[in-house]
Each structure stands twice: as structure tokens, then as C-alpha cells.
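Down below is the structure, laid out as C-alpha cells.
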Amino acid sequence: MAGKCNQDWMGSLPAALSALPLTNLAIPGSHNSFSYWVDEKSPVGPDQAAFIKHLAKISLVKRSLKKWVVTQNLTFKEQLESGIRYFDLRVSSKPEEAGKEIYFIHCLYGIKVWEGLKEINQYLTQHSKEVVFLDFNHFYAMDIEHHLYLVNMIQEVFGSKLCPADCDKDMTLQYLWGKKYQVLIFYHYMNEYLFLWPGNKMPAPWANTIKVHELIQFLEKTLTERSKRGTFHVSQAILTPKKMTIIRRLKSGLKNTLVHRNLPMILKWVEMQKPGVMGVNIITSDFVELVDFAETVIRLNDLLL
């Protein structure tokens, strides 16, 4: 259901909304944003426990793992065109590979980080009023040299589009447009660089549940606590399978086991929200194209007028 109708939604907001702090706006995001492609032939990555690595040695299990690893169908560009502006990024080196190359990872390795960042940057160059939040929140098999390689890569790709982390927390779209900033990098490892925002400025509490009612209760509870932090806030509107769920429904996959059945109820919760200091800010989902997820989140901003 995703299309291109929201490809310039930030630039199209009324002046009254583009003058509000970004922490007050409703912004759609994706969970494991990069997982639209994973290398089925790659070994299981260092982000997984020994239990999963052992299971994956069985060829049938390895082939079925992809159905649980992939949480998005759309590429970065397609997500951006649909309105997604927050990206959940997990990265890793390949311990068995020489050099410092970094890949996206969710159990199986995805595309090279370099390729994904270039795709995002190209979109931003063509849509100069759109702003993205890149949340590098998990790192695996990376030493300081890998981190320096990645940070330098980020700087090389985005250059002057990078928003410094010393900007006021109440910054607005209008402020960013004036400075020609389009990229906020949240880095949950180090922040010695001016353009790296500390990870604690982008809290994303995780319900870690398979039950939709528990998820909604958790989302409500964490929203009541967000005003204490005075930061951005991610509502992870996602369900997480347990080990036994994966084993019992191995061939079914995440989408057929959890997402299709529960996404309508999750979307209904989203529709009932209001952005603002005490309300939602960034909301993430799996398979953002299955329902009008981005459009529903963006539309919440009308409640601030």
C-alpha cells in the first residue's frame, strides 16, 4: 500500500508545524530498516546466540531463517518515498573477511552500509526539505578501527547535510532548512565527533513480547515516562517472537505468524495517538507497506494545528 505520495511530506507541512520542535512531531520509522535484502548464503552473524547458530547448521532451518530475519520489503528509497524518516540500523563486520567493510545485519548479513547510505543521500539531494534520523544502535564484531572507518564513511557520504549534535533539542524543520541540514546520526557507541548524537537522545524502549495487548500496554506506559527525558522518543510498535515460536512455526515466518494478524490492531492504536510533548514522536513498524502506516503516522500531525 506504500506509494510516493509522502515523498516530500516534511517540506509540505504547514508553517505552524514546521516551526514546532521535531520532538513534538509524529514521524514514521521502520524496524530493522535494512532487512529487505539478506544474504541467505552468508553464515549466521555475530549478533546471534549460539542456539541460533547451531540450528542454522541444518540446511532446511537456514533456508527458513530468512522468513524470520526479513522485517521490511521496501528498499531505503522506497521507504523514503512512502514517508519513512527514521531508520533502525544494526551493523557488523564479517569476522571471517579481511578488511574493515561494514554490513547491515539481522541474523544474516545485509547489504554494505556504504551502499545503503549512498541510496539515502541521493534521495535527500533530490528532496532538499526532507530530514532523516539514522539510528546506529547495535554494533557487532567491531573494534575501534571499524568504528572510525564507519564514522568517516558517514561523514564522506553526507558531508554538509549532517546536523551537529550541539543543536538545540527544540530545533525545528525551519531551523534545519535554514542550515541545509538533513541528517541526524544517533550513534550508540561514541560521540567524539560533532555530528554524532548520543544514543541516549533517541531512547527506543522495547516491549519484547509476542502478545499485542502487552505491546500496547507497554507503549502507553513508556509514553507517560517520555517527558522526564526531554529527548526524541521511539515507540517500537513491533512484536518479537520467542525461540519456541520460531521453532514451531519455522516455515511460516514472521509476517505470517505475527505481523498480518496483529498489524490492524497496532495500526488502530497508532490512529488513537496524538503527537506533542506528552504524546508520540517516532513510531516504528515491521513491513511498513502492508497497511497505510506512514500515512497514518504523518496524519497525526494535523492534530497539532
Side-chain angles (χ1 to χ4, degrees), residues 1-7 9-10 22 25-38 47 66-91 103-108 110-111 113 115-117 119-124 127 130-138 182-186 188 199 202-207 215 219 232-241 253-255 258-260 262-264 266-267 269-270 273 275 280-300:
M1 299 180 82
K4 297 184 180 182
C5 59
N6 292 313
Q7 60 184 348
W9 73 265
M10 285 180 159
L22 282 167
L25 296 181
I27 299 167
S30 55
H31 171 237
N32 282 323
S33 310
F34 51 86
S35 64
Y36 53 86
W37 185 86
V38 293
D47 62 326
K66 180 180 177 181
K67 295 179 181 179
W68 291 95
V69 167
V70 171
T71 66
Q72 303 297 334
N73 288 327
L74 303 183
T75 65
F76 283 125
K77 182 183 181 216
E78 290 168 339
Q79 290 182 50
L80 285 161
E81 289 175 341
S82 75
I84 300 299
R85 294 294 178 266
Y86 166 91
F87 296 92
D88 166 33
L89 306 175
R90 302 150 196 238
V91 298
Y103 299 81
F104 293 114
I105 191 167
H106 185 218
C107 185
L108 300 175
I111 64 172
V113 172
E115 296 171 359
L117 298 187
E119 185 176 350
I120 292 170
N121 184 61
Q122 185 177 11
Y123 183 89
L124 294 175
H127 303 267
E130 300 309 294
V131 173
V132 297
F133 304 81
L134 305 186
D135 191 1
F136 288 86
N137 50 56
H138 287 74
Q182 291 182 269
V183 183
L184 280 74
I185 302 289
F186 293 84
H188 297 240
M202 185 62 79
W206 175 40
L215 168 64
L219 293 172
F232 293 97
H233 180 85
V234 181
S235 296
Q236 294 198 68
I238 60 167
L239 295 170
T240 304
L254 178 70
K255 188 191 298 184
L258 291 179
V259 179
H260 271 310
N262 295 298
L263 201 53
I266 293 173
L267 191 69
W269 176 83
V270 173
Q273 301 312 300
V280 293
N281 180 206
I282 296 165
I283 308 176
T284 60
S285 175
D286 290 325
F287 300 106
V288 295
E289 83 288 349
L290 292 183
V291 293
D292 290 328
F293 172 72
E295 172 66 24
T296 301
V297 176
I298 294 166
R299 202 163 47 231
L300 295 177

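Nothing here was measured: the structure is a model prediction, and the numbers come from that model. Sequence positions, counted from 1, serve as the residue numbers for this chain.
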Does the [X] side chain pair with the main chain of [Y], one donor and one acceptor, at a distance under 3.5 Å?
{"X": "Asn281", "Y": "Leu25", "answer": "yes"}
{"X": "Ser285", "Y": "Val288", "answer": "no"}
{"X": "Gln236", "Y": "Ala207", "answer": "no"}
{"X": "Gln72", "Y": "Glu289", "answer": "no"}
{"X": "Ser235", "Y": "Leu219", "answer": "no"}
{"X": "Glu119", "Y": "Glu115", "answer": "no"}
{"X": "Tyr86", "Y": "Asp135", "answer": "no"}
{"X": "Asn262", "Y": "Ile238", "answer": "no"}
{"X": "Gln182", "Y": "Leu124", "answer": "yes"}
{"X": "Glu130", "Y": "Met10", "answer": "yes"}

- Query: Would you call the rings of His106 and His31 parallel, tilted or perpendicular, where under 30° means parallel and over 60° means perpendicular?
  - Reply: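 If you compare the ring of His106 with that of His31, the planes turn out perpendicular.
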- Is the Phe133 ring parallel, tilted or perpendicular to the Phe186 ring (thresholds 30°, 60°)?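 Phe133 and Phe186: parallel rings.
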What closest approach, in Å, do [X] and [Y] show between heavy atoms, and which atom pair accounts for it?
{"X": "Ala294", "Y": "Ile84", "result": "CB-CD1, 4.2 Å"}
{"X": "Val259", "Y": "Leu290", "result": "CG1-CD1, 3.9 Å"}
{"X": "Val91", "Y": "Ile105", "result": "C-CG2, 3.9 Å"}
{"X": "Ala26", "Y": "Pro275", "result": "N-CB, 3.8 Å"}
{"X": "Ile283", "Y": "Ala237", "result": "CG2-CB, 4.1 Å"}

Let me confirm one number: the [atom1]-[atom2] distance from [X] to [Y], rounded to the nearest 0.5 Å.
{"X": "Ser35", "Y": "Leu74", "atom1": "OG", "atom2": "CG", "result": "10.5 Å"}
{"X": "Thr75", "Y": "Ile111", "atom1": "OG1", "atom2": "CD1", "result": "9.0 Å"}
{"X": "Gln7", "Y": "Tyr123", "atom1": "CD", "atom2": "OH", "result": "5.0 Å"}
{"X": "Leu254", "Y": "His260", "atom1": "CG", "atom2": "NE2", "result": "10.0 Å"}
{"X": "Leu258", "Y": "Asp286", "atom1": "CG", "atom2": "CG", "result": "9.0 Å"}
{"X": "Leu267", "Y": "Asp292", "atom1": "CG", "atom2": "CG", "result": "7.5 Å"}

- Message: I'd like to know whether Trp269 forms a side-chain contact (heavy atoms from CB on, under 4.5 Å) with Val280, so could you lay out the CA-CA distance, the side-chain angles of the two residues, the decisive distance to 0.1 Å, and finally the verdict.
- Response: CA-CA 11 Å; Trp269 176 83; Val280 293; 4.1 Å; yes
- Query: Does a donor on one side chain sit under 3.5 Å from an acceptor on the other, for Asn6 and Glu295?
  - Reply: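 Judged by distance alone, the side chains do pair up.
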- Query: Without hydrogens or angle criteria, can the side chains of Gln79 and Ser30 be said to hold a donor-acceptor pair below 3.5 Å?
  - Reply: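 Ser30 and Gln79 do have a side-chain donor-acceptor pair below 3.5 Å.
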- Message: Determine whether Arg85 and Trp9 satisfy the following criterion, side-chain contact (heavy atoms from CB on, under 4.5 Å), listing intermediate values before the conclusion.
- Response: CA-CA 10 Å; Arg85 294 294 178 266; Trp9 73 265; 3.6 Å; yes
- Testing Phe87, Phe104, Phe136 for ring pair (Phe, Tyr, Trp, His ring centres under 6.0 Å) with Phe34, which one passes?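 Single pass found, and it is Phe104.
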- Task: Could you check Phe293 against Ile266 for side-chain contact (heavy atoms from CB on, under 4.5 Å), going step by step and ending with a plain yes or no?
- Result: CA-CA 10 Å; Phe293 172 72; Ile266 293 173; over 6 Å; no
- Test applied, side chain to side chain contact (heavy atoms under 4.5 Å, CB included); reference residue, Leu108; option that passes from Val38, Val70, Asp47: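 Result for side chain to side chain contact (heavy atoms under 4.5 Å, CB included) with Leu108: Val38.
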- Option among Asn137, Asp88, Ile282 that satisfies the side chain to side chain contact (heavy atoms under 4.5 Å, CB included) test with Met202: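 The residue from Asn137, Asp88, Ile282 that satisfies side chain to side chain contact (heavy atoms under 4.5 Å, CB included) with Met202 turns out to be Ile282.
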- Task: Using the side-chain contact (heavy atoms from CB on, under 4.5 Å) rule, take His138 and His188 through it: C-alpha gap first, then chi angles, then the decisive distance, then the call.
- Result: CA-CA 7 Å; His138 287 74; His188 297 240; over 6 Å; no
- Message: Is there a side-chain contact between Ile27 and Phe232 in this structure, where contact means two heavy atoms from C-beta onward sitting under 4.5 Å apart?
- Response: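 SC-SC contact between Ile27 and Phe232 ruled out.
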- Message: Are the side chains of Val291 and Pro264 in contact, using a 4.5 Å heavy-atom criterion?
- Response: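 No - every pair of side-chain heavy atoms lies 4.5 Å or more apart.
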